[in-house]
Amino acid sequence: MFGAIQFLNGLSHGLSLFLVAAGLSIIFGVLRVLNFAHGGFYMLGGYVAYEVVRRIGMEHGLFWVAVIVAGLVLALVAAGIERFMLRQLYNRDQIYQLLFTFALVLLIGDVVRIFWSTTALSVSFPPELRGAQNLGFTIYPRYRLFLCVVGVVAAVGLWLLFQRTRWGRIIRAATQDREMLSSLGVNVPMVYLAVFAGGGALAGISGALAAPALALRGGMDAEIIVECFIVVIIGGLGSLWGAFIGALLIGQLRAIGITFVPEWEIVLIYLLMIVVLVFRPWGLFGKKQAGS
Amino acid sequence: MADQPVDLKVESIATYYGLSQILFDVSFSVGPGEVVALVGRNGVGKTTTMRSIAGLTPPRAGKVIWNGRDMKGVPPHQVCRAGIGYVPEDRRIFPDLTVWENLDVVWRPADSKWTEERIFDIFPDLAKLRDRNGGYLSGGQQQMLTIARTLMTDPKLLLLDEPTEGLAPLAVERMVDRIGVLKAEGLAMVLAEQSTDMILALSDRMHVMEKGQIRATLTPEEVRADETLLTRYLML
Ligand SMILES: Nc1ncnc2c1ncn2[C@@H]1O[C@H](COP(=O)(O)OP(=O)(O)OP(=O)(O)O)[C@@H](O)[C@H]1O
Ligand SMILES: [Mg+2]
């Protein structure tokens, strides 16, 4: 039976996925760079949180310190990468940017191997979120419920940022016509830096939050980036709303797959992606590009 | 505005797109309150001249001097902040932003004399459309919005690229009238146009361009005195 538990599993997975995919999608929308290393940022976020927890523990809310540190570290790492490397490549052919972010994937993979070896590591659940919660209709792990709440809060927060703040409006304008925006006095390179750093922070925080729910190991970057790509292909690259719906769809599809066709779960997702690619290559909520 | 310095000197600029040279030795100047027109047919280099001044396609040789400052290597957003506002020819409003969001995203100096209210005074049509997405406006409304948006950055010099292009006759009339209001306010402008009618009424000087060069400089009086003069140049 596909019941409340399976639905909640799909929901928490989908909402967590949204956090990562949103950053990937926004970065593409503004910088027009498909950041292969986004999964690496996520993985690095997980390891940074692990490292902080290893040093200071996680009692008395210290886990949240680890999450924030992971977000900050990844914001800094992303900012450095944009400012000193990626920025040199905007005037080149797109293939160079792709190759560069792919090189980053390998680099981050090596960094993780060097500092944390190849054995899987785990972070335990923060004490305040251990155990299960009685929801009336079912009992469900507290930590996963918490991930749902974070996903919803992040979605609402991002929506408010984009619709209700001047910064958000500037980012939207940058996705529509960056050259024009710069001629209107806006420091577009700064916007790029902020967006890339913000996307990095989102990925880092997501990785840190995911750490207690799964084992940390090299290779988790590839898994998440593949899922993110599928989310943004389905939802439409550059669309926040698309990333949200796409992530929720993938979450439920995985939950359904695991319940009914456990061996074939991933096939269901690929099928959906192929159907979207054939009938709506720009995604459910994406914009059809002129000339494509 | 009269006490603001306006002194643009374009000195022998040569601008390229990749390997092909588009502008050859283009020179002209704009002083306070002046409207200088760049006239010429399709593809003679009017837009390229404006993009060279705006910092979007920097010239490879020659100089753009703005109020005594060499603008070489100054990025577009700094050109704007220095007081040169560029209004592109193809009405590049942000289509998914509403009219007021289009006005809101631009950089504004703390002491800007342009408020949303003043903008709506000059372009009353926009006031009614305040919450409509830019993409849903008519051509004439979009053109007003592009100008209004640039005005919000409080330019001392406006680069207006074919503001009447593709507009219905009535909208052209209205646009010419509004540009007249801006001129009356003392705003200096570089105005590119293919047709001569609106330029005669507005400009102090006309530079006729041909194949990336300025071929002749005429005053409206000279053109009015000899009706065939400008046509002869434009047919070159
Ligand atoms: N991005 C570009 N790359 C290469 N060549 C270009 C580019 N943009 C314009 N050109 C060429 O430069 C020349 C001058 O173009 P420009 O747009 O400056 O002319 P214009 O006078 O503004 O014409 P119009 O009246 O059609 O707007 C033309 O021959 C055009 O083909
Ligand atoms: Mg032009």
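Here is the naming used below: chain letters follow the sequence lines, and residue numbers restart at 1 for every chain. Just so we're clear, the structure is a prediction, and the values are computed from it rather than from any experiment.
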Is the closest basic N to carboxylate O distance between K46(B) and E89(B) below 4.0 Å? no
Give the minimum heavy-atom separation between R69(B) and A82(B), together with the two atoms involved. NH1-CB, 3.9 Å
Against chain A, label P95(B) side chain, backbone, both or neither, depending on which of its atoms sit under 4.5 Å from a heavy atom there. both
Within the distance-only criterion (no hydrogens, no angle test), does the side chain of S25(A) pair as donor or acceptor with the backbone N or O of A21(A) below 3.5 angstrom? no
So does D131(B) have more than 12 non-hydrogen atoms from other groups sitting under 6.0 Å from CG? yes
Looking only at heavy atoms, which of residues 141-153 of chain B get nearer than 4.5 Å to chain A? R149(B), T150(B), T153(B)
List the steps and the verdict of salt bridge (Lys or Arg N to Asp or Glu O under 4.0 Å) for K183(B) and D204(B). CA-CA 11 Å; K183(B) 179 181 158 76; D204(B) 299 304; 3.4 Å; yes
Parallel, tilted or perpendicular: which describes the rings of Y192(A) and Y90(A), with under 30° parallel and over 60° perpendicular? perpendicular
Where do T48(B) and T15(B) land on the side-chain hydrogen bond (donor to acceptor under 3.5 Å, both in side chains) test, with the steps shown first? CA-CA 8 Å; T48(B) 309; T15(B) 304; over 6 Å; no
Please identify, among T175(A), L181(A), D177(A), the residue contributing the most non-hydrogen atom pairs under 4.5 Å to chain B. D177(A)
